[in-house]
Amino acid sequence: MFRTIASALFAALLCSVAARAASEEVRYYPVPEGAGPHDVAPAPDGSVWYTAQAQGALGRLDPDTGAVRHITLGDGSAPHGVIVGPDGAAWVTDGGLSAIVRVDAETEAVKAFPLPEGHRYANLNTASFDKHGRLWFTGQEGIYGRLDPASGKVDVWNAPRGRGAYGITTTPSGEVYYASLAGNHIARIDVSTGEASPIDPPTVDQGARRVWSDSKGRIWVSEWNAGQVSVFDPAANDWRSWKLPGDEPQAYAVYVDERDKVWLTDFSANAIVRFDPATQTIASFPSDRDNANVRQLNGRSGEVWGAESGTDRLVLIETETGE
C-alpha cells in the first residue's frame, strides 16, 4: 500500500502550525573557520562530537562554554559520519582514510580500523551499532560492512545494486537498514549472514538518502530527489509519503526524536523542519544565515543537533520534552 499527502495540503499544514516553531529555542555554536562540519553526535557527558570533514579532524564542543577543540585523525583524513558507541567512544566513518576510527571519550586516543585491501576507495559514509555491539557502515562506492570492535575484524560486502549506500539505522529490535541514494532504495541487512535485501519505495528515482528508525521499528527515509519524507512499516509492508512544502524541496537529513517526532533538513528552504506523524503537521526552523546546508541531524532528550556545513556552525534546537 502507498499513500501520499499532496504538496498543497502539506503547505497548508505548515501555515497552520508555523507559530509552534517559536516555542522552541534555537542556538548556534561557531566552530573553526573552514572546518566544514558534517555529522554530529551528542555524547553522554553533555559534549557534542562533530566531524570536521574539511580539516581531517573530529571536533568536540562544550555547549555550556562554547569551547571547541579538534582531534586530528591522520594524514589524508576526511571524516563523514560520527556516532557514539555502546562503549561511550566516538566512532567515525572516515572516507579519506578508508577506515573506521575510534576516539576514546576519556583520553581522546585515536585508533583506526582500515578496510580490507580491495575496498580502500569506498567513500565511507555512516555507521550504526547493532544489538551485538558490532558496527555496520556504508560506502557510497557500492559497499556496506561490519566491524567487530572486540576482535578488530572488518568485513565488507558489495551492495546488491552497486553504488549509493548512504544512511544507516538500527531498529529497537536490532534490525539494520541502509538507504541507497544512487540506487533509489532502502535495504535490510541480515546481521547474521551479512546479506542485504533491497526494498523499493513506491516513488521512482526518489533518491533515498538517510534513514532513521522510530520506537516502533518503522523506517523513516529522507528522499532527496523527490523532496519528501517517507516511512516504511516492515510489519505491515506498507509505505506512506509526504511531500515537503515549497516549489522544489530537497530532503537531506532525517532524525526521529524520543517522542517519535520526525526531523528533516530541507536544503531548498534552508531550514530544519519537524513533522509530527500523529497530527501530520509540520513546523519550520529556518537558519538565520544563507546556505546553512545541514547534512545530518542527531539528538538526545530535549535536544536536536545539526551541523551547518555551509556556515561552520553547529545548531541546537531545544525541544519541549513534555509536548
Side-chain angles (χ1 to χ4, degrees), residues 29-41 43 48-61 68-85 89-104 108-128 135-147 149 152 154 156 159 162-168 178-182 209-210 222 224 252-253 265 267 291-298 305-315:
Y29 297 86
V31 300
E33 185 177 355
H38 203 287
D39 283 21
V40 292
V48 180
W49 300 100
Y50 65 91
T51 49
Q53 188 177 55
Q55 296 178 341
L58 182 66
R60 197 171 193 179
L61 165 73
V68 170
R69 63 180 179 276
H70 276 187
I71 303 157
T72 301
L73 299 181
D75 291 342
S77 169
H80 188 287
V82 59
I83 59 173
V84 175
W91 291 83
V92 178
T93 40
D94 196 312
L97 298 178
S98 293
I100 305 299
V101 180
R102 180 187 185 274
V103 178
D104 190 271
E108 297 184 353
V110 176
K111 182 177 181 178
F113 300 85
L115 297 190
E117 292 293 340
H119 298 285
R120 294 295 175 86
Y121 301 98
N123 192 6
L124 287 174
N125 199 274
T126 50
S128 182
L135 182 141
W136 293 85
F137 57 87
T138 59
Q140 285 196 77
E141 286 305 308
I143 64 99
Y144 62 96
R146 177 182 64 199
L147 164 65
V154 180
V156 174
R163 293 184 65 255
Y166 203 98
I168 193 167
Y178 70 81
S180 178
L181 175 60
R209 190 154 208 154
R210 289 191 183 255
S222 56
W224 174 254
Y252 198 116
T265 61
F267 270 37
N291 302 313
N293 296 346
V294 177
R295 301 176 186 274
Q296 185 252 5
L297 295 170
N298 206 332
W305 286 88
E308 292 193 346
S309 62
T311 67
D312 288 325
R313 298 188 302 178
L314 302 190
V315 55

Participant: Within the side chain of T93, is there an N or O that forms a donor-acceptor pair under 3.5 Å with the backbone of G81?
Facilitator: yes
Participant: Between Q55 and E33 (side chain of the first, backbone of the second, donor and acceptor by atom type, cut-off under 3.5 Å), is there such a pair?
Facilitator: yes
Participant: Tell me, do P79 and V101 make a side-chain contact under 4.5 Å, heavy atoms counted?
Facilitator: no
Participant: Sub-3.5 Å donor-acceptor pair from the side chain of D94 to the main-chain atoms of A78, do we have one?
Facilitator: yes
Participant: Is the closest side-chain heavy-atom distance between V154 and P116 below 4.5 Å?
Facilitator: yes
Participant: Report yes or no: does N298 contribute a side-chain atom to a donor-acceptor pair with the main-chain N or O of V40 at less than 3.5 Å?
Facilitator: yes
Participant: Report yes if some heavy atom in the side chain of V68 is under 4.5 Å from a heavy atom in the side chain of P32; otherwise report no.
Facilitator: yes
Participant: Looking only at heavy atoms, what is the nearest atom pair of L61 and Y50, with distance?
Facilitator: N-CE2, 4.5 Å
Participant: For F113, which residues count as a ring-ring contact (aromatic ring centres under 6.0 Å, His included) partner, sequence neighbours excluded?
Facilitator: W91
Participant: I want to check something: taking the side chain as every heavy atom from C-beta on, are S77 and T72 in contact at a cut-off of under 4.5 Å?
Facilitator: no
Participant: For T126, give me all partners under side chain to side chain contact (heavy atoms under 4.5 Å, CB included), at least two apart in sequence or on another chain.
Facilitator: D39, H80, T138, I168, R210
Participant: For Y144, which residues count as a ring-ring contact (aromatic ring centres under 6.0 Å, His included) partner, sequence neighbours excluded?
Facilitator: W157, Y178
Participant: With sequence neighbours excluded, tell me which residues meet ring-ring contact (aromatic ring centres under 6.0 Å, His included) with F267.
Facilitator: W224, Y252
Participant: Please determine whether side-chain contact (heavy atoms from CB on, under 4.5 Å) holds for the pair V156 and F137, giving the CA-CA distance in whole Å, both sets of side-chain angles, and the decisive distance to 0.1 Å.
Facilitator: CA-CA 9 Å; V156 174; F137 57 87; 4.3 Å; yes
Participant: Please list, chain by chain and in numerical order, all residues satisfying side chain to side chain contact (heavy atoms under 4.5 Å, CB included) with A57, sequence neighbours excluded.
Facilitator: A52, H70
Participant: Test your reading of the model: is there a side-chain donor-acceptor pair from D312 to the backbone of V31, 3.5 Å cut-off?
Facilitator: no
Participant: What closest approach, in Å, do I83 and L135 show between heavy atoms, and which atom pair accounts for it?
Facilitator: CD1-CD1, 4.3 Å
Participant: Tell me every residue that passes side chain to side chain donor-acceptor pair (under 3.5 Å) with R163, counting only those two or more places apart in sequence or in another chain.
Facilitator: none
Participant: Do the non-hydrogen side-chain atoms of I100 and V92 ever get within less than 4.5 Å of each other?
Facilitator: no
